[in-house]
Amino acid sequence: MRSASGGGRGRVGASLWVSVLLAILGFLVIYPILMLLLGALTDTNPVVDGIQLSHLSVTNFLTVLANPNVAEALFNTLIACGGGTLIAVAVGLLFSWIVVRTNTPFKGFIAAASILPLFAPPLVAGVAWAILGSPKTGLINTMFKWVGLDWRVDFYSMWGLVFVFGIYYAPYVYMFTSSALRNMDPSLEEAAEISGASAFATLFTVTFPLIMPAIVSGMLLSFIVMLGIYGIPAVLGAPTNLAVLTTYIFKLTNWSPPLYNTAAAVAIILMVVTGLLVFLQHKVLSGRSYTTVAGKAFRPRSLDLGRWRWFTFGLGIIYLLIVVVLPLLALIVAAFRKFMFIRDVSSLFDARQYSLMHFQSVFDNPLTMRSIYNAVEVGIITAVVGGALAFAIGYTIHRTQVMGRRWIDVISTLPVAIPGLVVGVAYLWAWIGIPGGLYGTIWILALAFIARFMPDTVKSLSTSFLQIHRELEEAAWVCGKGVLGTIRTIVLPLARPGVMASMTLLFVLAIRELGSSLFLYTSNTMVMSVLLLDYYEGGNLGKTAAFSLVQTVLLGALIGGANYFSRGAAQGSVARTG
């Protein structure tokens with residue numbers, strides 16, 4: 001690997017090292033995708049017939065494209081993700097402007113509130129809003145009745161799905177646009193105002209157009225993440241048979257007999273759509289997006305809002321109430337209340353209606369502790385193995401000049417365009433038909449998670465590598481250290497905070513992942529997110545809420561630890577995975 005040695009043994013060792021990494025990435029990423037494609041091109045059942053190369057055709061794709069249910073699911077997906085993206089852009093852009101460009105009080109508090117939804121597991125968020133917005137027993141409708149308003153909300157609908165998507169994925173737009181606003185030269189706005197433009201006109205004719213690439217990029221990222229989300233549409237769409245592509249794919253594998261080939265074809269379509277959007281986002285970021293941003297030092301200016309600054313502060317409070325306080329209160333009420341039928345508001349505050357029975361029921365179930373144990377076990381394996389692999393990949397890409405490192409970079413980045421649910425279907429096809437293989441073990445879950453989160457882990461570690469000056473490694477080489485010795489004594493100690501943060505994040509992301517787990521778990525390898533969905537589909541809202549709180553508390557502690565180690569690196573990684 002150390003190109004400076006230039007010797008024959010060095011070149012052979014470097015070639016061998018690159019070959020090993022490419023083989024591992026091929027095993028984790030390429031092989032499952034090829035098997036998914038093969039599954040979509042055949043009519044064989046992988047459980048009964050195994051994997052066969054006969055009868056290859058595009059019949060499944062033609063069938064899928066002609067199926068009105070698929071067209072309806074695709075239409076619902078585009079409406080839900082498109083509507084959610086519009087809300088996310090409006091909310092994210094508003095709060096980035098408030099935080100960066102105004103003199104609103106307590107801006108740090110508003111900035112923290114703006115990214116809090118990133119840390120809520122989508123399934124838990126969906127359950128919370130199902131408790132709040134159920135048309136018959138929803139807490140919001142109970143409150144409307146109490147204050148005498150003849151209003152009703154129904155979150156088991158398309159607009160409910162759009163609303164929840166929008167408020168929970170607004171932080172993606174916020175992160176992009178707030179960064180762009182901080183880096184934009186304020187003299188451009190000052191020039192517009194000197195020319196006679198009002199503050200309002202300057203905002204819409206200068207400020208927002210200048211950060212348009214950041215807006216478009218945040219918009220595309222939020223749309224991409226929504227495309228792959230299963231938990232929220234599974235909770236809010238199931239009662240009214242409102243299917244999107246992710247829920248439709250899972251439904252296909254649960255029919256009798258399971259339609260694995262059709263599911264594979266739909267998964268390929270979803271992956272292609274996501275891949276095109278990722279490519280478009282890459283083009284936006286790599287184009288002329290930042291040519292309007294000045295490189296000289298400056299301070300972002302703050303607009304004096306006068307009395308209106310308390311209004312913008314109030315908007316931050318309202319957002320915090322909607323995305324954090326209300327859902328958390330809903331989970332607490334449902335988890336501790338014996339029965340969710342709430343006649344009136346006085347009944348809501350009747351202490352006799354509350355108990356720990358749902359928590360006792362949850363922990364009396366032997367699957368509960370097993371799911372927690374499995375989740376922790378798969379989290380540890382994912383963190384250790386995935387962290388070590390990401391370190392090797394990141395070091396090879398950023399600290400060496402070996403041939404083939406570009407291919408390593410490309411293949412390790414591929415999963416960024418593959419939704420978690422599609423990763424699950426791909427691994428199902430790769431291993432279900434192979435006797436004595438990985439299917440049915442905790443390892444297939446861990447390997448799927450490692451592949452799924454590979455781009456995030458490598459990207460997180462890359463920052464740590466780029467902060468280490470090459471002179472330190474060169475000094476070690478001059479002193480006679482080999483490559484492994486240099487890594488052990490120089491690189492690893494200096495990159496240790498980033499490595500620990502990445503491994504902790506992998507652990508957290510593995511515990512909350514649902515989409516991939518749905519296709520790979522068995523009764524012996526059930527994890528927390530799958531059991532939570534099982535509770536919800538079983539119709540017991542109290543147990544669902546109680547287990548949601550258990551998962552939330554566990555994840556809160558883990559994310560707190562991740563933030564302690566990474567000081568912000570956690571945001572980006574948790575963000576993309578939703």
Side-chain angles (χ1 to χ4, degrees), residues 106 109-110 112-113 116-117 119-157 159-161 163-164 167-168 231-232 235-236 238-240 310 313-365 368 532-533 535-557:
F106 306 108
F109 168 77
I110 296 176
L116 276 178
F119 305 112
L123 181 58
V124 173
V127 170
W129 280 97
I131 297 169
L132 284 167
S134 168
K136 294 182 179 178
T137 60
L139 295 177
I140 293 177
N141 290 328
T142 302
M143 288 298 170
F144 282 160
K145 185 179 179 182
W146 177 55
V147 298
L149 293 175
D150 190 23
W151 295 351
R152 289 289 182 272
V153 295
D154 179 7
F155 276 75
Y156 296 142
S157 59
W159 82 262
L161 190 56
F163 175 78
V164 177
I167 61 172
Y168 276 92
I232 294 175
V235 171
L236 298 180
T240 55
W310 292 105
F313 172 71
L315 291 178
I317 296 295
I318 292 172
Y319 182 68
L320 183 67
L321 286 174
I322 291 176
V323 301
V324 177
V325 178
L326 277 180
L328 186 60
L329 287 176
L331 288 176
I332 292 173
V333 168
F336 287 95
R337 193 172 175 84
K338 296 176 184 174
F339 304 101
M340 265 313 287
F341 175 73
I342 301 174
R343 187 176 58 254
D344 49 36
V345 172
S346 61
S347 170
L348 182 62
F349 295 101
D350 185 353
R352 294 171 298 179
Q353 299 296 323
Y354 293 89
S355 75
L356 294 173
M357 60 178 287
H358 296 308
F359 288 95
Q360 291 171 346
S361 177
V362 165
F363 284 101
D364 282 344
N365 184 353
T368 298
L532 178 59
L533 183 64
Y535 279 142
Y536 181 79
E537 292 179 339
N540 194 323
L541 207 54
K543 288 172 68 174
T544 307
F547 201 51
S548 294
L549 283 180
V550 171
Q551 189 184 34
T552 301
V553 170
L554 180 61
L555 282 172

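If you're wondering where the values come from, they're calculated on a predicted model, not measured in any experiment.
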Does [X] reach the side chain of [Y], with side-chain heavy atoms less than 4.5 Å apart?
X	Y	value
Phe163	Ile322	yes
Phe144	Val153	yes
Ile140	Trp151	no
Leu549	Leu328	yes
Val127	Phe547	no
Tyr354	Ile332	no
Tyr168	Pro122	no

Legend entry - Non-neighbouring partners of Tyr319 that pass ring pair (Phe, Tyr, Trp, His ring centres under 6.0 Å), sequence neighbours left out: Phe95
What closest approach, in Å, do [X] and [Y] show between heavy atoms, and which atom pair accounts for it?
X	Y	result
Ala335	Ala545	N-CB, 3.6 Å
Ala334	His358	O-CD2, 3.7 Å
Ala546	Val362	CB-CG2, 4.2 Å
Ala330	Leu139	CA-CD1, 3.9 Å
Val124	Gln551	CG2-OE1, 3.4 Å
Thr240	Leu236	OG1-O, 4.3 Å

Determine yes or no for a side-chain-to-main-chain donor-acceptor pair under 3.5 angstrom, with [X] supplying the side chain and [Y] the backbone.
X	Y	answer
Tyr535	Asn540	no
Lys338	Gly542	no
Tyr536	Val235	yes
Ser548	Thr544	yes
Ser134	Ala130	no

Inset, instruction - Please state whether the rings of Phe359 and Phe336 are parallel, tilted or perpendicular, taking 30° and 60° as the class boundaries. - result: tilted
Inset, instruction - Could you tell me how the ring of Phe313 sits relative to the ring of Trp310: parallel (under 30°), tilted (30 to 60°) or perpendicular (over 60°)? - result: perpendicular
Legend entry - Neighbour count above 12 (heavy atom, 6.0 Å) for Phe106 CZ: no
Legend entry - Crowding at CH2, Trp146 (>12 non-hydrogen neighbours, <6.0 Å): no
Just verifying a value: how many Å separate [X] [atom1] and [Y] [atom2], rounded to the nearest 0.5 Å?
X	Y	atom1	atom2	answer
Met357	Lys543	CE	NZ	10.0 Å
Leu541	Ile131	CG	CD1	4.5 Å
Leu331	Leu326	CG	CG	11.0 Å

